[in-house]
Participant: 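Got a structure here, written out as structure tokens. Questions coming.
Computed from heavy atoms alone, side chains included, the values below leave out hydrogens, waters and symmetry copies. Keep in mind that what you see is a predicted model, and the values were worked out from it rather than measured.
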Amino acid sequence: MNMLVLDFETRSECDLKLCGTHVYTHHESTDILCISLYDMDTEESVVFDPVETDIPQVWKDKLNSADLVVAHNAAFDKGIYTIGVKEYGFPPIADDRWYCSSAQMRVNAIPASLDDAARALGVKNQKSFKGARLIKKLSIPQEDGTFNENPELMEEMRTYCLQDTVTTVDIIRATRLMTQEEHSDWLLNERVNERGVRVDVEVAELAQSYAAEEQDGIAAELVKLTDGVVTKPTQHQRIKPYILEGLDMKDESDRKLKALMTKKDGNFTLDAKTRETVLSLIDAGNLELVEETEELIRLLDDATATSVAKFKRMQHMAGLHDRVRGAFIYYGASQTGRFSSKGLQLHNMKRDCYELADFLDLKAKMQQGVKIPDVMNTLSKMLRPTLIAGEGKTFVVGDWSSIEARGLPWLANTPDAEKKLDLFRQGVDVYVKAAESIGIDDRRIGKVAELSLGYGGAIGAFSAMAINYGLVLPEYQVDRIVKNWRRANKWAVLFWAEVEQAAKKAVRARGKQQFKAGRVVYTYAPALMGGTLLCILPDQSIIQYPNCHIDYSDRGDNLVCLKASIRPKADSKDNWGTVRLWGGLMVENITQAFCAGLLRDKLRVAEVEDIDIVAHIHDELVAECELEFADEVGEDLKIIMEAVPSYAKGLPLKAEPVQMVRYGNH
DNA sequence: TGCGGCGGCGCC
DNA sequence: AAAGGGCGCCGCCGCA
């Protein structure tokens, strides 16, 4: 398998961070500064500026013959490469020969960025820190709008560019390659990314101007309320002390507010959940604050909407046919293999949104410049429907019904867990049943218990979720709910322990044996990344826990491993962050990973069936099709999503796809 | 002035 | 012994 590693440095008038890879690589001002190439078979390398130097024939041949052309974040280099083909005689590379070393890092549970990966792996050739400075000087326009073409800096840039490929080679060799299936899933994700999803750019622009005006008004009110101490609703570090200093500790309500604002670690918060609790207590007559404080809290509630920035991203990331491309990251969540989303983050779009008619009504008002009520709140509820199907098309959206609540007992694979699955099979209301088994006649409590207690969490987990459902219960009652839920779901409690034991045994056996827990298997690869714990799921996909070992320094024997998302502080001597693994966490990883595998499976099937998937959100598939085929696609999508794969016999799956021209409630 | 840390937000 | 976790983006703020 010949791998040819490639890296581009470029310059452009386009703002890469704001506009994203796709718009950047297609921007007319974007051009190549240099390219470096590294042949992993022969260890030969080259770096040159294609504007001044023709690509050497020997490297042309290598590009033609390599099995894989590798780049770190290959979507970027692939996009730039097309400029090379058009302008500088680079040989074309078929889509399926591209390979991404960043994706390789992610399937290995190593941080995705080149410098972080090199640091976490402790490889010999670290990424050069000079890059950021050079990019600032050469890759973005100077103040007068022209580009800096200083020859010495350009020479430095070429050195840096070559260093990047050397580092990339190091990290590729320090980890395992993607399997064929992983590579092919990555390629599929790139096709979804290229397809993109259409946005209503006009609404995105209108929303920003309405928001700007409203934010000015809010700022003015804030200044008035706080005597100029606070000028923006996002100044948390000013707002909290301002409120706390104004409290009268002899007053019971004020003491109560301070307690509500105090976090476990002793710091203070006034986040949305806290505000909701405070305001509900006020409305119920159980809390009485001075007028200004109450008004300030209500104002924050009206003002802190994060949707404005999303409208901005929509506008700038929209390319050809108003479509935003490149939003999905294959295996973005290293602990679970879930996709993640970047740029216009499609995985956290505010759920609460307008029906189509109300949305269109508001859009018309905004086009006419008419005032709209409760601006920030209104705009945030317009976010989802600003995603719109292509001309003459519609979305068909299907989500799996409580997929994790089904996956968990299926993975545990015991007779008791099977009874839980029977409830789903029979269409019984699982939450009512759960409440009954806890000995409480309240479906909401059953629901929160089912959703929050499956992964070893206790009072904290239940209470955090309870707030989302407007439940506030005293601690002793929550404690009883937890105990009763665990008593009624012994299979789950046993599964947590079983998983932890199997993982520990696998580490101790140094890979000589496999250990089963429910429907997953643990083993260990001693030579991979300082010893890697492997969890093999029923679909044969793998979760990796790098640098995994048993630590005896604390009480008992604890499993610890490297965690990609914990970046050590700049002054830390540690290569990378670690985390303690325990049963509940591992069972959660398994469950999410299993569902992520199911989603990947269905993405493959959908493509074979010629269904265009434009987005997906963990348990939800968004297809786009011509209006006239919508019914048919809806039926097909249902069949695809409810089809039980051969490796998942007995898993009850349910999905009811619906049509919508604009994304919204379903 | 730029950068990283941190608090906060929203989703599954 | 007990434990909710998986993400990415934005904006402010202190530091260099």
Side-chain angles (χ1 to χ4, degrees), chain A residues 17-18 106 109 112 129 132-133 136 215 230-240 263-265 267-275 300-301 303-313 327-329 331-353 380 383-384 399-400 402-405 407 448 451-465 468 482 496 500 543 554-556 558 563-565 567-572 579-593 595-596 599 615-620:
Chain A
K17 253 200 104 162
L18 179 63
R106 297 194 298 270
F129 59 88
R133 190 187 113 254
K136 211 166 296 159
Q215 279 166 336
V230 180
T231 56
K232 285 181 178 176
T234 41
Q235 291 166 334
H236 317 288
Q237 305 293 33
R238 295 190 204 176
I239 293 167
K240 285 182 283 183
K263 292 197 293 183
K264 272 186 200 157
D265 60 10
N267 291 325
F268 297 101
T269 181
L270 202 54
D271 62 17
K273 273 185 185 167
T274 309
R275 292 198 304 269
L300 289 180
D301 233 28
T304 53
T306 51
S307 57
V308 186
K310 271 196 153 58
F311 286 118
K312 187 175 166 188
R313 297 306 290 262
F328 296 100
I329 307 176
Y331 224 99
S334 285
Q335 261 352 236
T336 62
R338 276 182 169 188
F339 289 93
S340 62
S341 177
K342 64 169 175 172
L344 177 61
Q345 231 263 70
L346 295 173
H347 282 176
N348 70 347
M349 304 276 285
K350 191 179 170 76
R351 223 163 190 290
D352 188 11
C353 64
S380 77
L383 203 53
R384 280 200 185 208
D399 56 346
W400 277 302
S402 37
I403 183 70
E404 280 194 25
V448 172
L451 293 176
S452 68
L453 300 178
Y455 306 122
I459 297 178
F462 182 95
S463 302
M465 185 163 291
N468 296 339
V482 172
W496 307 332
E500 190 168 328
I543 309 176
D554 201 3
R555 195 188 322 196
N558 295 315
K563 187 167 161 86
S565 60
R567 191 181 211 278
K569 287 177 187 172
D571 55 8
S572 166
V579 71
R580 217 212 111 190
L581 294 174
W582 55 284
L585 173 60
M586 300 175 84
V587 165
E588 189 201 39
N589 286 175
I590 292 166
T591 308
Q592 290 193 349
C595 297
L599 185 78
H616 44 78
I617 305 99
H618 307 306
D619 65 350
E620 174 180 348

Participant: Kindly confirm whether the side-chain ring of W582(A) is stacked on the base of dA2(C), judged by centres under 5.5 Å and planes under 30°.
Facilitator: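 No; by the centre-distance and plane-angle rule, W582(A) does not count as stacking on dA2(C).
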Participant: Quick one: is dG6(C) close enough that its OP1 or OP2 comes under 4.0 Å of any side-chain N or O from T336(A)?
Facilitator: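 For dG6(C), neither OP1 nor OP2 has a side-chain N or O of T336(A) closer than 4.0 Å.
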Participant: Among dG8(C), dC10(C), dG6(C), which nucleotide has an atom closest to any side-chain atom of Q335(A)?
Facilitator: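 My answer, after comparing the listed nucleotides, is dG6(C).
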Participant: Nearest-Å distance, CZ (R106(A)) to P (dG6(C))?
Facilitator: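 Atom-to-atom, R106(A) to dG6(C), this comes out as 17 Å.
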Participant: Quick one: list whatever passes side chain to side chain contact (heavy atoms under 4.5 Å, CB included) with W496(A), sequence neighbours left out.
Facilitator: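 Partners of W496(A) by the side chain to side chain contact (heavy atoms under 4.5 Å, CB included) criterion, ordered by chain and then number, come out as W485(A), R486(A), A492(A), V493(A), V587(A).
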Participant: Any ion pair linking E500(A) and R580(A) (charged N to carboxylate O, less than 4.0 Å)?
Facilitator: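 So R580(A) pairs with E500(A) through a salt bridge.
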Participant: NZ of K310(A) versus P of dC10(C): gap in Å, rounded?
Facilitator: 8 Å
Participant: Hey, which of these two, R338(A) or K342(A), hits DNA chain C nearer its 5' end, going by closest nucleotide?
Facilitator: R338(A)
Participant: Taking the side chain of Q592(A) as its heavy atoms from C-beta onward, which of dG5(C), dC11(B), dG8(C) lies nearest to it?
Facilitator: dG5(C)
Participant: Is the distance between the ring centroids of F339(A) and H347(A) under 6.0 Å?
Facilitator: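 Distance test on ring centres: not under 6.0 Å, no.
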Participant: In chain order, what residues pass the salt bridge (Lys or Arg N to Asp or Glu O under 4.0 Å) check against R106(A), with sequence neighbours excluded?
Facilitator: none
Participant: Taking OP1 and OP2 of dG8(B), is either one under 4.0 Å from a side-chain nitrogen or oxygen of K240(A)?
Facilitator: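 Yes, K240(A) has a side-chain N/O under 4.0 Å of OP1/OP2 on dG8(B).
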Participant: Please report the distance, rounded to the nearest Å, between CG in L451(A) and P in dC12(B).
Facilitator: 12 Å
Participant: Using the test side chain to side chain contact (heavy atoms under 4.5 Å, CB included), find all partners of R238(A) that sit at least two apart in sequence or belong to another chain.
Facilitator: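 Expected list: V230(A), T231(A), Q235(A).
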Participant: Of the options dG2(B), dC12(B), dG6(C), whose atoms approach the side-chain atoms of R351(A) most closely?
Facilitator: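 It is dC12(B).
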Participant: Using whole Å, report how far CZ of F129(A) lies from P of dC3(B).
Facilitator: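 Taking CZ of F129(A) and P of dC3(B), I get 15 Å after rounding.
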Participant: Indicate whether OP1 or OP2 belonging to dG8(B) is found under 4.0 Å from a side-chain N or O atom of T269(A).
Facilitator: yes
Participant: Please give, in whole Å, the distance from dG6(C) P to M586(A) CE?
Facilitator: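 In whole Å, dG6(C) P lies 12 Å from M586(A) CE.
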Participant: Please identify each residue that fulfils salt bridge (Lys or Arg N to Asp or Glu O under 4.0 Å) with R275(A), with sequence neighbours left out.
Facilitator: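 Once residues adjacent in sequence are excluded, the partners of R275(A) under the salt bridge (Lys or Arg N to Asp or Glu O under 4.0 Å) criterion are D301(A).
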Participant: Should R275(A) be listed as having a side-chain N or O under 4.0 Å from OP1 or OP2 of dC9(B)?
Facilitator: yes
Participant: Write down the distance between NE2 (H618(A)) and C1' (dG6(C)), rounded to a whole number of angstrom.
Facilitator: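 That distance rounds to 7 Å.
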Participant: Could you check how far CD1 of I239(A) sits from C1' of dG7(B), rounded to whole Å?
Facilitator: 11 Å
Participant: Has R580(A) got a side-chain N or O lying under 4.0 Å from the OP1 or OP2 atom of dA2(C)?
Facilitator: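 No.
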Participant: Set out, line by line, the N/O atom pairs under 3.5 Å between protein and nucleotides 11-13 of chain C.
Facilitator:
from	atom 1	to	atom 2	distance (Å)
dG11(C)	O3'	T234(A)	OG1	3.4
dC12(C)	OP1	K232(A)	NZ	3.1
dC13(C)	OP1	R238(A)	NE	3.0
dC13(C)	OP2	R238(A)	NH2	3.1

Participant: Output yes when at least one side-chain N/O atom of K263(A) is less than 4.0 Å from OP1 or OP2 of dG7(B), else no.
Facilitator: no
Participant: Can you name the residues that form a salt bridge (Lys or Arg N to Asp or Glu O under 4.0 Å) with E404(A), not counting sequence neighbours?
Facilitator: R338(A)
Participant: For the pair made of CG in D554(A) and P in dA1(C), what is the distance, rounded to whole Å?
Facilitator: 11 Å
Participant: Which nucleotide in the list dC3(B), dG8(C), dC9(B) gets nearest to the side chain of D271(A)?
Facilitator: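 Closest of the options to the side chain of D271(A): dC9(B).
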